[in-house]
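Here's the structure we're looking at; comments come further down.
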Amino acid sequence: MPELPEVETTRRGLVPLLCGTRIIALVVRDRRLRWPIAPQLETLLPGRTIARIDRRGKYLLLDLGEGSLIIHLGMSGSLQMVATRKPPGPWDPFDIVVTGGQCLRMRDPRRFGALLYTEDRPHHPLLRHLGPEPLEPEFSGAYLYHRARGRRIAIRDFLLNGQIVAGIGNIYANEALFSAGIHPGRAAGRISRTRYDTLAAAIVAVLNRAIAVGGTTLKDFSGSDGRPGYFQQQLQVYGRAGDPCLGCGTQIVRLSHLTRSSYYCPHCQR
DNA sequence: CTCCGATCCTGATGGC
DNA sequence: TGCCATCAGGATCGGA
């Protein structure tokens, strides 16, 4: 579910509710996430104050001063602030209980998410090799062009690689490629510098537009306040196989022989 | 180094 | 209505 805009939506919703609060307890109901929740966390966290909430790609980072919690939502995760007394559902693996009777509750039916702790954020194996943030200045067409030299991988898969650029998932990769007029199967190394400028701008634009409306809710994503996102109403190609291209009317094609579906307009994208 | 496929797990959906 | 196959927003790992 959650790509950069959904994680950013979650982060923005949590900041006013969680920053400055003190952790009272970590309640774990199911340790079996992508990586098992370390048992030490239950003794480590109480008493710590949540100083800041950051985001790196699709990772949410709770800064505890000395150390950080790393939360990843996987495919099906979401976070909500709820009253601690509210009964948890069957797919709510943990609560971070804070002062004020509230807790940060994770829901994750597929258990692809993660809750990890590090005292060395820059060197953590999940964060250390991440590419630049697409909404920061170091991300540009020049950067993408440089990284793509000699690569034959399809541009869609290139954009999904977090080591190239952080936070882009299948929805926004497909949408940005449509916006830039680039075929998702084109080799990354066979795209001109000029087209990479267009693509980088398209990525920034589509991410910002999605953040502005609270992200994309396909099935059950909701922000930290429980409200869905609305970007799905603006999707140009993702999930629209067989429907007319909004630019030229040609039927949108779905390429399913790739591990993840690509959606594109065969007329507008080359 | 690069790339592809398998893998973790559950739920929704569509065809028959 | 029920059953089965297929597909999902992610990211790592092993092997070619």
Side-chain angles (χ1 to χ4, degrees), chain A residues 1-10 29-37 55-60 70-79 89-93 106-116 124-131 134 146-177 184-190 203 206-207 210-211 213-223 228-242 254-263:
Chain A
M1 153 199 355
E3 305 182 32
L4 187 153
E6 290 73 41
V7 179
E8 179 62 17
T9 295
T10 300
R29 294 179 207 88
D30 193 342
R31 290 190 188 285
R32 301 170 299 165
L33 299 184
R34 178 73 169 80
W35 294 277
I37 298 174
R55 179 189 54 73
R56 186 74 177 89
K58 299 166 190 166
Y59 295 95
L60 202 61
I70 303 173
I71 300 177
H72 195 281
L73 300 177
M75 294 271 271
S76 59
S78 59
L79 292 166
W91 291 284
D92 298 348
M106 185 176 195
R107 181 181 130 80
D108 187 9
R110 289 176 73 180
R111 308 206 315 261
F112 283 8
L115 175 66
L116 302 163
H124 191 278
L126 291 178
L127 305 176
R128 152 172 221 185
H129 299 294
L130 276 183
H146 167 70
R147 293 296 304 269
R149 289 313 82 206
R151 309 260 332 236
R152 285 193 267 186
I153 189 173
I155 181 64
R156 198 282 311 258
D157 293 341
F158 184 71
L159 294 178
L160 289 185
N161 183 347
Q163 301 196 12
I164 300 298
V165 53
I168 298 178
N170 201 27
I171 294 178
Y172 298 107
N174 278 281
E175 292 297 309
L177 287 168
R186 174 171 286 274
R190 304 286 309 268
I203 289 169
V206 73
L207 293 177
I211 291 170
V213 295
T216 300
T217 297
L218 288 186
K219 288 201 172 92
D220 56 3
F221 172 77
S222 62
Y230 292 96
F231 194 68
Q232 63 277 12
Q233 297 170 5
Q234 298 183 47
L235 294 177
Q236 309 284 298
V237 284
Y238 186 87
R240 296 191 64 244
R254 172 174 156 227
L255 265 188
S256 54
H257 63 83
L258 303 170
T259 43
R260 287 184 134 73
S261 297
S262 283
Y263 298 89

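The closest side-chain donor-acceptor pair between A:Tyr238 and A:Ser261, if any, does not fall under 3.5 angstrom.
Remark: A:Phe112 CZ to A:Met75 CE distance equals 6.5 Å, nearest 0.5 Å. With rounding to the nearest 0.5 Å, the separation of CD in A:Glu8 from CD1 in A:Ile211 is 5.0 Å. The CG atom of A:Leu73 sits 5.0 Å away from atom CE of A:Met106, with the distance rounded to the nearest 0.5 Å.
Within the structure, every side-chain polar atom (N or O) of A:Arg34 is placed at least 4.0 Å from both OP1 and OP2 of C:dA11. Within the structure, every side-chain polar atom (N or O) of A:Ser76 is placed at least 4.0 Å from both OP1 and OP2 of C:dA8. Checking the phosphate oxygens (OP1, OP2) of B:dT10, no side-chain nitrogen or oxygen of A:Arg32 falls inside 4.0 Å. OP1 and OP2 of C:dG9 both lie 4.0 Å or more from every side-chain N or O belonging to A:Lys58. Within the 4.0 Å cut-off from OP1 or OP2 of C:dG10, not a single side-chain nitrogen or oxygen of A:His72 is found.
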- Task: Give the dot-bracket string for DNA chain C, reading 5' to 3', where a pair is Watson-Crick or G-U wobble with both distances under 3.5 Å, ( ) marks pairs inside the strand, [ ] marks pairs crossing earlier ones, | marks a partner on another strand, and . marks unpaired.
- Result: .|||||||.|||||||

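Side-chain atoms of A:Arg111 lie closest to B:dT10 of the nucleotides C:dA8, B:dT10, B:dC4. Closest contact between the side chain of A:Asn170 and the listed nucleotides C:dG10, B:dC3, C:dC7 involves C:dG10. Of the listed nucleotides (C:dC7, C:dT12, C:dG9), C:dG9 has the atom at the smallest distance from the side chain of A:Met75.
Applying side chain to side chain contact (heavy atoms under 4.5 Å, CB included) to A:Ile168 and the options A:Ile203, A:Asn161, A:Leu4 leaves one that passes, A:Ile203.
Checked against salt bridge (Lys or Arg N to Asp or Glu O under 4.0 Å), A:Arg56 has the following partners two or more places apart in sequence or in another chain: A:Glu133.
Residue A:Leu126 is classed as a sugar-phosphate contact, given heavy-atom separations below 4.0 Å to backbone atoms only. Within the 4.0 angstrom heavy-atom criterion, only backbone atoms of the sugar-phosphate kind lie near A:Tyr238; the bases stay farther away.
Side-chain contact between A:Tyr172 and A:Pro5 is present, with heavy atoms from C-beta onward closer than 4.5 Å.
Not a single donor-acceptor pair under 3.5 Å links the side chain of A:Asn174 to the backbone N or O of A:Ser262. Not a single donor-acceptor pair under 3.5 Å links the side chain of A:Gln163 to the backbone N or O of A:Gly131.
Between the C1' atoms of C:dG9 and B:dC3, the separation comes to 23 Å (whole Å).
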Under 3.5 Å between N/O atoms: give me all the protein pairs with nucleotides 11-16 of chain B, atom names plus distance.
residue	atom	partner	partner atom	Å
B:dG11	OP1	A:Trp91	NE1	3.4

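For A:Arg260 and C:dG9, a side-chain-to-base donor-acceptor distance below 3.5 Å is absent, hydrogens and geometry of angles not being considered.
Stacking here means ring centres nearer than 5.5 Å and ring planes tilted less than 30 degrees, and by that measure A:Phe112 does not stack onto C:dA11.
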